[in-house]
Participant: 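Let me give you the structure first, and then I'll get to my questions.
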Amino acid sequence: MAKYEQDVKELLRLIGGKENISAVSHCMTRMRFVLVDQKKADEKAIQDLKSVKGTFTQAGQYQVIIGNDVSTFYNEFTAYAGVEGVSKDAVKSMAKTNQKPIQKIMGSLGEIFAPLIPALICGGLVLGFRNIIGEINFFNNGTESLADVSQFFAGLYNFLWLIGEAVFHLLPVGIVWSITKKMGTTQILGIVLGLTLVSSQLLNGFSVASTAPADIPVWDFGFAKVQMIGYQGQVIAAMMAGFVLVYLEKFFKKHCPEVVSMIVVPFCALIPAVIIAHTIVGPIGWKIGNAIADVVYTGLTSNMGVLFALVFGVCYAPIVMTGLHHMTNAVDTQLSNLFGGTILWPMIALSNIAQGSSVLAMSVLQKKNDRAQQINVPACISCYLGVTEPALFGVNLKYGFPLVCGMIGSGIAAVISVGFGVQAFSIGVGGLPGILSIKPEYWLIFLVAMAVAIVVPFCLTYIVGKKKLSKEERFGKCEVQDVQPIEEVKEEKNEDAHVEKEEVVALTSPITGRIIPIEQMPDAVFSQKIMGDGVGIEPTGNVVLAPCDGTISVVMTDSKHACGLTLDNGVELLIHVGIDTVDMGGDGFELFVKSGDRVKRGDKLISFTPEKIEQAGHPKTTAFIIAGEGTAKEFKFHTEMDATAGETIVMECL
């Protein structure tokens with residue numbers, strides 16, 4: 001009898017049968033399905049299967065979390081179902097067919113902006129601090145700023161503009177680079193094209209409105225004149241130019257002989273792309289970007305602005321769950337560059353807070369449900385810090401009413417924010433730290449809106465939850481154990497007094513790097529401890545070493561990005577390098593062990609190239625988790641420190 005025979009049969013039935021499977025594959029921990037109709041999958045029943053740790057849908061894939069033994073489960077499933085497994089790339093490609101055109105566009109937009117967000121957040125904070133020291137008149141009866149009365153702060157005020165200009169004025173460089181990176185074309189060509197859009201030879205894009213048409217410089221080709229206008233701060237124009245370059249490079253690569261490709265392709269792609277950018281797509285993109293920003297800005301500042309705010313505040317959380325929220329990054333950036341600030345971003349920060357407050361109420365309601373708290377607490381923290389997905393998918397959507405209560409609180413807070421014209425300098429830190437990106441003159445009213453976003457969802461969720469949650473959902477499954485007589489317990493204690501203390505197994509860090517709490521992992525399966533507890537590692541090294549003596553239980557021979565290790569006490573460890581690195585198909589990874597190998601602490605398991613992981617657009621953050629507890633009774637984790645592979649203890653098994 002197969003190990004998972006019953007669960008395999010049930011999963012096939014619950015997922016909608018063989019005819020509902022377009023493709024199936026697996027990674028180190030999950031079955032990855034592309035389903036014909038995802039509505040046919042009975043998610044609740046699937047999650048109740050003994051071998052299933054959880055499910056979720058991402059990028060058109062229906063993923064069923066199994067754990068370290070997923071390869072065995074996968075083999076039994078494909079054999080029983082009579083379906084052939086396919087490669088991860090094939091699953092990923094077929095999954096896109098499940099996405100609607102708008103989802104594909106928003107997904108691509110999100111992938112383009114994701115690498116830019118850290119710089120945008122940093123730039124927003126820099127501008128915020130710069131305005132505090134140079135634009136707010138604290139001194140001499142409100143007539144002078146800190147920069148006016150202090151030479152040091154005057155110098156700092158001017159110096160910080162170096163960063164602000166690089167982030168916002170030169171943003172097209174980053175956008176075009178990110179597009180070429182995502183599309184797999186030559187990134188340096190993207191950088192060069194971006195630089196031609198913001199060159200100092202051109203009239204600064206921010207000065208065009210105040211310059212008379214006759215004074216705008218031109219390139220005169222005799223038969224035609226082209227205005228020498230820069231696209232500083234322009235988002236849509238830069239994106240359109242980037243895709244023109246990508247198309248041209250791919251076209252010439254396809255049709256150019258390999259022997260002259262290095263010379264012909266860059267020349268034939270870059271030169272026309274620059275010409276088209278400045279003559280066609282640049283002016284068109286400029287008008288589109290400005291039109292979108294004008295519509296949003298007018299809507300928010302008109303007599304109907306409060307109604308717009310209410311709708312946006314209520315709907316933003318569901319928008320996040322569809323992935324369509326990535327469009328707001330482009331709109332926010334355009335607003336910031338055109339109007340010196342954005343009314344949109346404060347509402348996003350308030351929505352983060354509102355959803356986090358709903359989770360906080362759930363945490364209070366379920367304080368005696370240990371299993372629920374393992375998800376509630378980290379989800380609440382991450383939400384208050386601006387990352388809402390763990391809260392939305394792990395808690396609020398699961399129960400339904402917390403999501404609605406958060407949406408109500410978010411809508412009310414958004415009305416207050418827009419009603420009083422609250423503006424942020426730019427995209428900033430989400431959640432509670434969001435106030436750092438708000439213009440100082442609006443801090444007080446934003447604090448009021450924040451209070452509403454905390455109190456309203458919390459109270460609503462708590463009141464509704466007390467009525468809707470069952471005893472099992474609030475307190476967990478309580479197992480009553482037989483209580484031994486005191487005398488019997490004492491007798492046993494005396495009999496065991498001579499037994500030595502149980503051995504402590506120390507586990508060293510498998511990779512050199514910064515050890516972080518598992519809750520900070522940028523993947524819900526790990527951060528919500530669905531696979532088990534453990535730590536995350538932000539690697540500075542590139543070699544994975546065995547954290548202790550044990551036996552290799554499982555390896556990913558094709559992708560080479562992860563392996564499992566079983567200790568002599570039955571504890572199962574999982575080391576998973578990077579997030580979604582299975583998609584790389586082993587590129588940049590080398591595996592030094594195979595399943596069944598006996599290893600000692602410090603033995604080399606995997607090596608990887610961090611740069612290739614970055615180029616593929618994946619986080620390098622590595623999961624080091626306890627996938628099975630064996631006979632161990634307690635685990636201790638050491639985080640928030642720098643660790644050396646094979647030397648620094650990061651876990652202890654008791």
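For the numbers below, each heavy atom of this structure counts, side chains included, while hydrogens, waters and symmetry mates do not. Throughout, residue positions are numbered sequentially from 1 according to the sequence presented. Treat the numbers as computed from the prediction; the structure is a model and nothing was measured.
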Participant: For the rings on Tyr442 and Phe446, is their centre-to-centre separation under 6.0 Å?
Facilitator: no

Participant: Output yes when a side-chain donor or acceptor of Ser178 lies under 3.5 Å from a complementary backbone atom of Gly174, and no otherwise.
Facilitator: no

Participant: Using the test side-chain contact (heavy atoms from CB on, under 4.5 Å), find all partners of Ala269 that sit at least two apart in sequence or belong to another chain.
Facilitator: Leu245, Leu248, Glu249

Participant: Counting C-beta onward and ignoring hydrogens, is there a side-chain heavy-atom pair between Ile348 and Trp345 closer than 4.5 Å?
Facilitator: yes

Participant: Give me the atom names and distance for the closest heavy-atom approach of Leu203 to Ser207.
Facilitator: CD1-CB, 4.1 Å

Participant: About how many Å separate OG1 of Thr540 and CG of Asp642, when rounded to the nearest 0.5 Å?
Facilitator: 7.5 Å

Participant: Any side-chain to backbone donor/acceptor pair from Thr609 onto Glu611? Under 3.5 Å, distance only.
Facilitator: no

Participant: Would you please test Phe526 and His576 for side-chain contact (heavy atoms from CB on, under 4.5 Å) and show each step?
Facilitator: CA-CA 10 Å; Phe526 296 125; His576 191 289; 3.8 Å; yes

Participant: Verify the neighbour count for atom CD of Glu258: are there more than 12 heavy atoms of other residues, nucleotides or ligands below 6.0 Å?
Facilitator: no

Participant: Any side-chain heavy atom of Trp177 sitting closer than 4.5 Å to one from Pro172?
Facilitator: no

Participant: What class does the angle between the rings of Phe308 and Phe312 fall in, given that below 30° is parallel, 30 to 60° is tilted and above 60° is perpendicular?
Facilitator: parallel

Participant: Return the CG to OH distance between Asn352 and Tyr384, rounded to the nearest 0.5 Å.
Facilitator: 11.0 Å

Participant: Going from CD1 on Ile579 to OG1 on Thr622, what distance comes out if it is rounded to the nearest 0.5 angstrom?
Facilitator: 7.5 Å

Participant: Please determine whether side-chain contact (heavy atoms from CB on, under 4.5 Å) holds for the pair Ile516 and Thr639, giving the CA-CA distance in whole Å, both sets of side-chain angles, and the decisive distance to 0.1 Å.
Facilitator: CA-CA 5 Å; Ile516 61 174; Thr639 61; 5.9 Å; no

Participant: Between Pro440 and Trp443, is any pair of side-chain heavy atoms under 4.5 Å apart?
Facilitator: yes

Participant: Find out whether Thr512 and Ile537 are in side-chain contact, i.e. whether some heavy atom of one side chain is under 4.5 Å from a heavy atom of the other.
Facilitator: no

Participant: CG/Leu350 to CE/Met450 distance, rounded to the nearest 0.5 angstrom?
Facilitator: 7.5 Å

Participant: Tell me, do Met347 and Tyr316 make a side-chain contact under 4.5 Å, heavy atoms counted?
Facilitator: no

Participant: Does Tyr157 form a side-chain hydrogen bond (donor to acceptor under 3.5 Å, both in side chains) with Ser145? I'd like the steps, not just the answer.
Facilitator: CA-CA 11 Å; Tyr157 175 80; Ser145 67; over 6 Å; no

Participant: What do you reckon, is CZ of Phe267 surrounded by more than 12 foreign heavy atoms closer than 6.0 Å?
Facilitator: no

Participant: What are the two closest heavy atoms between Gln355 and Met407, and how far apart are they?
Facilitator: NE2-N, 3.4 Å

Participant: Answer yes or no: does atom CE of Met641 have more than 12 heavy-atom neighbours from other residues, nucleotides or ligands under 6.0 Å?
Facilitator: yes

Participant: If you take all heavy atoms of Pro619 and Ile613, which pair is closest and at what distance?
Facilitator: O-CG2, 3.9 Å

Participant: side-chain contact (heavy atoms from CB on, under 4.5 Å), that's the test. Do Leu162 and Phe159 meet it? Break it down for me.
Facilitator: CA-CA 6 Å; Leu162 186 67; Phe159 174 77; 4.2 Å; yes

Participant: Would the distance check show the side chain of Arg514 and the main-chain N or O of Glu640 forming a donor-acceptor pair, the cut-off being under 3.5 Å?
Facilitator: yes

Participant: Could you give the distance from CE (Met240) to CD (Gln234), rounded to the nearest 0.5 Å?
Facilitator: 11.5 Å

Participant: Would you say Ser527 and Glu519 are linked by a side-chain donor-acceptor pair, where the criterion is simply a distance under 3.5 Å?
Facilitator: no

Participant: Distance-only criterion, 3.5 Å: show the donor-acceptor pairs between side-chain atoms of residues 274-281 and protein atoms not counting sequence neighbours.
Facilitator:
from	atom 1	to	atom 2	distance (Å)
His278	NE2	Thr196	O	3.0
Thr279	OG1	Ile275	O	2.7

Participant: Do we see a donor-acceptor contact under 3.5 Å between the side chains of Lys439 and Gln423?
Facilitator: yes

Participant: Say whether, by atom type as modelled, one donor and one acceptor occur between the side chain of Trp219 and the main chain of Met228 under 3.5 angstrom.
Facilitator: no

Participant: Distance check, rounded to the nearest 0.5 Å: Thr581 atom OG1 versus Met584 atom CE?
Facilitator: 7.0 Å

Participant: Give me the atom names and distance for the closest heavy-atom approach of Cys256 to Val265.
Facilitator: CB-CG2, 4.1 Å

Participant: Specify the closest pair of heavy atoms between Val226 and Phe221, including all atoms of both residues, with the distance to one decimal.
Facilitator: CG2-CE1, 3.9 Å

Participant: Just so I know, are the side chains of Ile454 and Leu432 near enough to count as touching, which here means a heavy-atom distance under 4.5 Å?
Facilitator: yes

Participant: Would you say Ser199's side chain and Gly230's backbone share a donor-acceptor pair under 3.5 angstrom?
Facilitator: no

Participant: Passes side-chain contact (heavy atoms from CB on, under 4.5 Å), Val176 versus Phe243? Steps please.
Facilitator: CA-CA 8 Å; Val176 181; Phe243 281 112; over 6 Å; no

Participant: Quick one: does any side-chain atom of Gln232 pair with a main-chain N or O of Gly205 as donor and acceptor, under 3.5 Å?
Facilitator: yes

Participant: Pair Thr180, Gln187 - check side-chain hydrogen bond (donor to acceptor under 3.5 Å, both in side chains), show working.
Facilitator: CA-CA 5 Å; Thr180 55; Gln187 296 174 35; 5.6 Å; no

Participant: Where is the tightest heavy-atom contact between Gly313 and Ala414, given as atom of each residue plus distance?
Facilitator: CA-CB, 3.9 Å

